Amino acid sequence: MAQVLEFKLPDLGEGLTEAEIVRWLVEVGDVVAIDQPVVEVETAKAMVEVPCPYGGVVTARFGEEGSELPVGAPLLTVAVGATDASSAAPGDDGAAAEEPSGGSGSGSGNVLVGYGTGAPAARRRRIRPERSTASAAPAAPAAVSAPSRPAPVAVAVGEVNGRQGPVAVVSPLVRRLARQHEIDLQGLTGSGPDGLILRADVDSAIRQAGQATEAATRTAAEPVVAEASTAVASPSAAGAATPATAERIPLRGVRGAVADKLSRSRSEIPDATCWVDTDATELMAARAAMNAASGPSGGPKVSVLALLARICTAALARYPELNSTVDTAAREIVRLPGVHLGFAAQTERGLVVPVVRDAHTRNAESIGAEIARLTELARTGKLSPAQLTGGTFTLNNYGVFGVDGSTPIINHPEAAMLGVGRIMPKPWVHQGELAVRQVVQLSLTFDHRVCDGGTAGGFLRYVADCVEQPAVLLRTL
């Protein structure tokens with residue numbers, strides 16, 4: 001007889017307490033192998049696939065796509081030890097057992113908090129029970145029947161959300177957009193390859209729904225307008241007739257994590273900002289020379305951001321006070337031994353800060369390659385929590401948005417952030433004469449607890465000197 005084991009949402013690390021179900025990767029009735037990913041979830045830091053530590057037949061799923069579950073809540077149940085469809089079908093009488101440390105079904109090779117390691121993975125196959133759709137819903141195990149837990153979502157084999165056939169959507173961002181605007185994806189015809197539903201299809205459906213709602217509102221308002229034409233209505237009465245409805249957007253996921261971190265930064269860190277206009281003409285010329293030397297097929301080009309990152313690591317070696325953090329409980333400044341350089345990246349999921357590990361040991365080309373790799377992962381939503389944490393200093397290039405300057409908010413618990421505006425031609429006094437030069441504004445926001453203005457100014461001046469005369473870096477290479 002099969003034993004039904006309950007798999008709870010594991011601790012995904014970095015202090016995360018909840019996750020949103022983006023996409024189920026298995027259905028009720030599927031046979032899963034040990035360590036097979038069963039669900040894709042989105043945390044406040046990244047989207048990850050969660051592997052199941054048990055091998056067997058899925059008998060129940062908990063939570064619909066788009067819902068949030070706390071860490072430790074039931075995720076799914078698996079019938080372990082079933083050898084055929086009849087013994088593995090939903091509704092098995094096996095008792096639920098929570099998180100065994102050994103025996104059949106345990107032995108995950110992926111280390112999850114609360115689950116063991118050991119046995120190798122088996123091949124996945126699907127069981128198609130010879131039962132009707134109505135009988136496909138599993139009986140909830142006794143250990144899962146507590147009223148405080150979410151009800152299991154039982155999906156019959158071959159069905160998705162109670163409808164025949166899968167929805168041709170790959171991007172979880174498209175699914176979320178459709179959920180927010182109550183768009184039924186089953187009713188859309190995708191314009192992508194093989195009918196894939198793209199974001200443009202959902203945007204079009206949103207516009208059509210809005211136009212239909214507006215037309216219905218105008219039709220309903222016509223009798224009221226005709227009646228009102230015979231009388232003089234007060235402005236207050238007219239305003240009360242069509243009240244505006246404010247849109248409420250939940251602060252959760254990446255947006256919620258950013259809000260919490262920025263609020264904590266402003267409430268805990270006594271920050272100050274200094275800035276300087278800098279002639280970047282020589283830096284741009286040096287970059288052009290580097291890329292020309294590599295030839296048409298000599299490898300990736302060196303970016304301006306990579307050069308600025310290399311300049312920052314040299315500056316932090318001279319001013320280590322800014323590569324530190326404050327231990328408020330011990331009332332100590334902790335100077336960090338290495339530079340893990342974060343850089344701000346804007347994605348469809350919101351602002352994220354990937355981290356280049358050990359940036360102090362890399363040259364400009366190596367830093368640029370790592371920035372490019374992490375940026376691509378950020379755009380596709382595949383950054384892991386480890387790649388988004390542990391930074392010691394952040395570089396923020398807001399010049400890509402066409403703005404000249406800003407006062408960056410420190411990425412808590414770091415001690416400083418360097419902001420870079422757009423590089424553009426401006427009139428500049430060069431060698432005693434007025435000339436058109438490539439000028440950029442640099443701004444440094446720093447934690448006034450770790451240093452005073454003299455140190456912060458020295459750091460920023462050194463960065464500006466390297467931008468104006470890149471040869472200054474040769475002394476530190």
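Just so you know, these numbers come straight off a predicted model, no measurement behind them.
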Would you be so kind as to tabulate the donor-acceptor pairs closer than 3.5 Å made by side chains of residues 326-345, with sequence neighbours excluded?
unit_1: Asp327; atom_1: OD1; unit_2: Ala329; atom_2: N; d: 3.2
unit_1: Asp327; atom_1: OD1; unit_2: Ala330; atom_2: N; d: 3.2
unit_1: His340; atom_1: ND1; unit_2: Asp358; atom_2: N; d: 3.0

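Every salt bridge (charged side-chain N to carboxylate O under 4.0 Å, His left out) that Asp279 has, sequence neighbours left out, goes to Arg437. Here Ser324 pairs with nothing under the side chain to side chain donor-acceptor pair (under 3.5 Å) rule; sequence neighbours left out. Under the side chain to side chain donor-acceptor pair (under 3.5 Å) criterion, Asp452 pairs with no residue at all, not counting sequence neighbours. For the side chain to side chain donor-acceptor pair (under 3.5 Å) test, residues two or more places apart in sequence or in another chain that qualify with Thr313 are Arg310. His181 meets the ring-ring contact (aromatic ring centres under 6.0 Å, His included) test with no other residue; sequence neighbours excluded.
Within a 6.0 Å radius of CH2 in Trp428, more than 12 heavy atoms belonging to other residues, nucleotides or ligands are found.
Between Leu188 and Val202, the closest side-chain pair of non-hydrogen atoms falls below 4.5 Å. Side-chain contact between Val439 and Ile423: absent, with no pair of heavy atoms (C-beta onward) separated by less than 4.5 Å. Between Val38 and Glu49, every side-chain heavy-atom pair lies at or beyond the 4.5 Å cut-off. When side chains are defined from C-beta on, Gln387 counts as touching Leu377, because their heavy atoms get closer than 4.5 Å. Residues Val276 and Arg461 form a side-chain contact, since some pair of their non-hydrogen atoms from C-beta on lies under 4.5 Å apart. By the 4.5 Å heavy-atom criterion applied to side chains, Asp35 and Cys52 are not counted as neighbours. With a 4.5 Å cut-off on side-chain heavy atoms, Pro385 and Val48 count as touching. Residues Trp24 and Val39 form a side-chain contact, since some pair of their non-hydrogen atoms from C-beta on lies under 4.5 Å apart.
Asn397 and Gly421 make their closest contact through OD1-O, 4.3 Å (heavy atoms, listed as atom of the first residue, atom of the second, distance). Leu395 and Cys312 get closest at one heavy-atom pair: CD1-SG, 4.2 Å. The heavy-atom pair separating Met417 from Pro408 by the smallest distance is SD-CB, 3.3 Å. Nearest heavy-atom pair, Arg23 versus Glu65, reported as atom, atom and distance to 0.1 Å: CA-OE2, 3.5 Å.
A distance of 9.0 Å separates CG of Asp404 from OH of Tyr398, quoted to the nearest 0.5 Å.
Between the side chain of Ser204 and the main chain of Asp201, no donor-acceptor pair closer than 3.5 Å is present. Here the side chain of Thr281 pairs a donor or acceptor atom with the backbone of Gln438 at under 3.5 angstrom.
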Would you please test Arg264 and Asp260 for side chain to side chain contact (heavy atoms under 4.5 Å, CB included) and show each step? CA-CA 6 Å; Arg264 185 175 182 183; Asp260 292 341; over 6 Å; no
Verdict with reasoning, Phe393 to Phe459, per ring pair (Phe, Tyr, Trp, His ring centres under 6.0 Å): CA-CA 13 Å; Phe393 184 91; Phe459 174 93; 5.6 Å; yes
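No salt bridge links Lys426 with Asp277; every basic N to acidic carboxylate O contact stays at or beyond 4.0 Å.
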